[in-house]
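The structure under discussion appears below in the form of structure tokens.
Below, read A as the first sequence line, B as the second, and so on, with proteins coming before strands; counting in each chain starts at 1.
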There are 4 protein chains.
Amino acid sequence: MFHTIIVAGNIGRDPEMRYTPSGVAVTSFSVASSRQYSNAQGQAVKETIWFRVSCWSKLAEYANTYLKKGNKVLIEGRLVPDTTTGGPRIWNRSDGTTSASYEINAVTIRSLATRSESEGTANNSSGFPEYSEPSIEEDDIPF
Amino acid sequence: MFHTIIVAGNIGRDPEMRYTPSGVAVTSFSVASSRQYSNAQGQAVKETIWFRVSCWSKLAEYANTYLKKGNKVLIEGRLVPDTTTGGPRIWNRSDGTTSASYEINAVTIRSLATRSESEGTANNSSGFPEYSEPSIEEDDIPF
Amino acid sequence: MFHTIIVAGNIGRDPEMRYTPSGVAVTSFSVASSRQYSNAQGQAVKETIWFRVSCWSKLAEYANTYLKKGNKVLIEGRLVPDTTTGGPRIWNRSDGTTSASYEINAVTIRSLATRSESEGTANNSSGFPEYSEPSIEEDDIPF
Amino acid sequence: MFHTIIVAGNIGRDPEMRYTPSGVAVTSFSVASSRQYSNAQGQAVKETIWFRVSCWSKLAEYANTYLKKGNKVLIEGRLVPDTTTGGPRIWNRSDGTTSASYEINAVTIRSLATRSESEGTANNSSGFPEYSEPSIEEDDIPF
DNA sequence: TTTT
DNA sequence: TTTT
């Protein structure tokens, strides 16, 4: 079956890239997506969700190169569950408390930065790649 | 900022409807979304994610009336975070362990059941409502 | 059945608001969503899609007030088909040619502008509303 | 920039597969997505949108093998515009009229058929592949 | 008609 | 707790 999650938000800290033992690049970063709304009592409420985003291979290398703390990004991907519970993974922190996070395996990443904001970081004029399926020439299409 | 999650899956147990103190209907049910894939070693892996879905008001009444355990559904909505951590809410279970879940506040629910499967439950021929914005007559459009 | 389209892009011209005969506000504007990619011959190709967005009622008033030509926006909505063909509507232009367009009835609109860019137009610090379901107090939730 | 379209609907005719001159498989089929709603006068309206779906390579081969007329499917992909207008492509039909269509380049295809319906065609027990990113072993993850 |  |  299908699920997908699409998030627009701001990167919380500079991305970090590592390599798997087999040499595949993996980049991780957090994205905060906030909204304000008014509750039933008419009070303004600010809600922030944090997502932990991972991406792989070529997408990892570009994210590591071009995305920086504070950048506005759009992410599409899949939630990564705990394989035994089917829910979010639970972590034991060093202080004895437990926490959980929304982990996303990204399939698509787009920078929403504009030229003025990005100064050499990710935006469309700086060569940040827009992830897309391999293209095929129109002349190559048989219909 | 924006986020949305779209899930296709199967309902784990019959929906339950309650009312808020102010009289608003709230229906809850779980949806399992499973997929098989082959890992790097070529082994088949089955991954199931469980979502806890809530819906409100008219959508709650219809879900309670028409959706049943086992039905295939499509859900669109927003993740509901813990307001202090911005991550998934953590629950203390009676056995002393903790767990977390993907909670979705549904905006759209569609039954993917077919007539033969549904026998009086939700499908498009049985009157299950497709949630949609209030329509406006074409003649009413000023352009 | 379900369909949804999610678009990030730039507004092509200032939005225009009108009213239906029954007094409902309707705002229309165009959004361009461009991407560059390399084709099979390794040549850079620029592809731009234009969407004609309509929104209604409160969303229409806010779009008319806060969105301006050039703003970056995120739109979620439904495609509006020709009711007889089920495809895009076809228009006869004054020069005798025909054209078609991707019309979207927006359910969600988010400004992706940042404070520095927007100078009094739509951004999250200027009070642009984030469209959302009516909220219900946590204390009101019966589970 | 980003756009994506997600459609649930029924396949209108058996898929057809061809090959590009360079030998890439391309499969095409139509999907109808219908909904009923009540208009401002309270009358039931049925709206059907037709999408023309293309997919490539391995996805094309599977679609050609497993999807049949009448199957319920979920499609995610991108709209394919006319490269000069940025709108839908316009076709001249043999009878002199013009038409346009919503063309989708599919990235994801899921069969929503159930065992009883599919009898050897696409469903999850018959080996229909769920399109997904290449997986990487958990042990391979460096964090 | 936008933007980078 | 679902489904294939």
Taken to the nearest whole Å, CG/L74(B) to P/dT2(F) is 21 Å
Members of residues 9-16 of chain B that approach DNA chain E, where some heavy atom sits under 4.0 Å away: none
Among dT3(F), dT1(F), dT2(E), which is the nearest nucleotide to the side chain of S30(B)? dT1(F)
For a quick check of understanding: with a heavy-atom distance under 4.0 Å over all strands, which category does S33(C) fall into, base, sugar-phosphate or nothing? nothing
Between E103(C) and R52(C), does any NZ, NE, NH1 or NH2 come within less than 4.0 Å of an OD or OE carboxylate oxygen? no
Using the aromatic ring of W50(C) (for Trp, its six-membered ring), decide whether it stacks on the base of dT2(E) within the limits of 5.5 Å and 30°. no
Side chain to side chain donor-acceptor pair (under 3.5 Å) involving D95(C) - partner list, sequence neighbours excluded: T97(C)
According to side chain to side chain donor-acceptor pair (under 3.5 Å), who are the partners of T48(C), at least two apart in sequence or on a separate chain? S34(C)
My understanding is that only residues two or more places apart in sequence, or in another chain, count here; which of them pass side chain to side chain donor-acceptor pair (under 3.5 Å) with S33(A)? none
My understanding is that only residues two or more places apart in sequence, or in another chain, count here; which of them pass salt bridge (charged side-chain N to carboxylate O under 4.0 Å, His left out) with E61(A)? none
With sequence neighbours excluded, tell me which residues meet ring pair (Phe, Tyr, Trp, His ring centres under 6.0 Å) with F29(A). none
Between the base of dT3(F) and the side chain of K46(B), is one N or O donor paired with an acceptor at under 3.5 angstrom? yes
Expressed in angstrom and rounded to an integer, what is the separation of R35(C) atom CZ from dT2(E) atom P? 21 Å
